Amino acid sequence: MGPAGDDAAADWLAGGSYLVARRIRMTIETWDRSSLREQEAVVGRTKAEGAPLSGGAEHSEPDFAREGRGGQPLIPVDSHVALAHPTRNGGARMLRRGYNFTDGNDALGRLDAGLFFLAFVRDPRTQYVPMQARMSREDRLQEYLQHTGSGLYAVPPGVASLPTGADGGAVVTADGPFWGDTLLG
């Protein structure tokens, strides 16, 4: 049996995760016409360093309570950073990474470019779907985005252990464990 909270009816996935994959096209031409100040407010980070608008460096924790002029939060509440942060999503975390893509131009000559987003989560119903639904309603960045492809994939757990050879390296055998053996083995 896998980690606590795993579905007993899905033993093959015990200890595994789900992969959320999304192809997100950005209307680059519209984004580029926005001022630097607007772009930073939409994202919630400085464009030059990637630091939160509340201060610090790229990897500094955002301070959502820090106020600026007129008592307004330095990081807008409808910014991408504010809406995606675990503290604004019941503590839900994900292992995520974005990869830029450029696929030429569309039929109208507009740049077909954006982000290929990947996120690993234990339970997409609690770690991804609520956050994405909220972001689709409130995130200012949505004005510049078009989701053109999505997928949800079950990812079985890795191989617990492989036999080792004389040199200490892993040895793969015909009857040994393999990735996906909980499903296929």
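Being a predicted model, the structure only gives us computed values, none of them experimental.
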Closest non-hydrogen atom pair between Met94 and Phe117, with its separation: SD-CZ, 4.1 Å
Identify the two heavy atoms, one from Phe178 and one from Leu184, that lie closest to each other, and give their separation to 0.1 Å. CE1-CB, 4.3 Å
Residues passing the ring pair (Phe, Tyr, Trp, His ring centres under 6.0 Å) test with Tyr18, sequence neighbours excluded, are none
Output the distance between atom CG (Asp32) and atom OG1 (Thr27), rounded to the nearest 0.5 Å. 9.5 Å
Val81 side chain reached by Pro52 side chain, heavy atoms, under 4.5 Å: no
Pairwise side chain to side chain donor-acceptor pair (under 3.5 Å) hits with a residue in residues 69-82, at least two apart: His80-Asp139
Check the pair Asp112, Thr102 against side chain to side chain contact (heavy atoms under 4.5 Å, CB included), reporting the backbone distance first and the verdict last. CA-CA 6 Å; Asp112 184 9; Thr102 305; over 6 Å; no
When every non-hydrogen atom of Ser54 is compared with those of Ile75, the smallest separation belongs to OG-CD1, 3.6 Å
With sequence neighbours left out, what residues match Arg37 under salt bridge (charged side-chain N to carboxylate O under 4.0 Å, His left out)? none
Which pairs with one or both residues in residues 143-160 pass side chain to side chain donor-acceptor pair (under 3.5 Å), sequence neighbours excluded? Arg22-Ser150, Arg23-Thr148, Ser34-Tyr144
Can you list the residues that meet the side chain to side chain contact (heavy atoms under 4.5 Å, CB included) rule with Thr173, with sequence neighbours excluded? Val171, Asp175
If every non-hydrogen atom of Leu118 is compared with every non-hydrogen atom of Ala21, which pair is closest and at what distance? CD2-CB, 3.7 Å
Residues that Trp179 engages under ring pair (Phe, Tyr, Trp, His ring centres under 6.0 Å), provided they are two or more places apart: none
Under 3.5 Å: donor-acceptor pair, side chain of Gln127, backbone of Arg122: yes
Tell me whether Arg96 at atom CZ has more than 12 heavy atoms from other residues, nucleotides or ligands lying less than 6.0 Å away. no
Please report the shortest heavy-atom distance between Ile28 and Ala113, naming the atom on each side. CG1-CB, 4.3 Å
Linking I/L/V/M/F/W/Y whenever their side-chain heavy atoms sit closer than 4.5 Å, directly or via other members, would Leu74 and Val77 fall into one cluster? no
Could I get the full list of salt bridge (charged side-chain N to carboxylate O under 4.0 Å, His left out) partners for Arg88, not counting sequence neighbours? none
Distance, nearest 0.5 Å, that separates CG of Asn89 from OG1 of Thr126: 11.0 Å
Identify each donor-acceptor pair in which a side-chain atom of residues 57-65 lies under 3.5 Å from a protein atom, sequence neighbours left out, and give them as a table.
{"residue": "Ser60", "atom": "OG", "partner": "Ala57", "partner atom": "N", "Å": "2.7"}
{"residue": "Ser60", "atom": "OG", "partner": "Ala57", "partner atom": "O", "Å": "3.3"}
{"residue": "Glu61", "atom": "OE2", "partner": "His85", "partner atom": "NE2", "Å": "2.5"}
{"residue": "Asp63", "atom": "OD1", "partner": "Ala65", "partner atom": "N", "Å": "3.1"}
{"residue": "Asp63", "atom": "OD1", "partner": "Arg66", "partner atom": "N", "Å": "3.3"}

Just to verify, what does Arg97 make a side chain to side chain contact (heavy atoms under 4.5 Å, CB included) with, not counting sequence neighbours? Tyr99
Student check: side-chain heavy atoms of Leu141 and Met26 closer than 4.5 Å: yes
Which pair of heavy atoms, one from Met135 and one from Gln142, lies closest together, and at what distance? O-CG, 3.4 Å
Mind checking what makes salt bridge (charged side-chain N to carboxylate O under 4.0 Å, His left out) contact with Arg45, not counting sequence neighbours? none
For Arg137, give me all partners under side-chain hydrogen bond (donor to acceptor under 3.5 Å, both in side chains), at least two apart in sequence or on another chain. none
Linking I/L/V/M/F/W/Y whenever any side-chain heavy atoms sit under 4.5 Å apart, do Leu95 and Phe116 land together? yes
Below 4.5 Å, heavy atoms only, C-beta onward: do Leu111 and Asn105 meet side chain to side chain? yes
Within-4.5 Å side-chain heavy-atom neighbours: Gln132 and Val20: no
Sequence-distant partners of Glu67, salt bridge (charged side-chain N to carboxylate O under 4.0 Å, His left out), two or more places apart: none
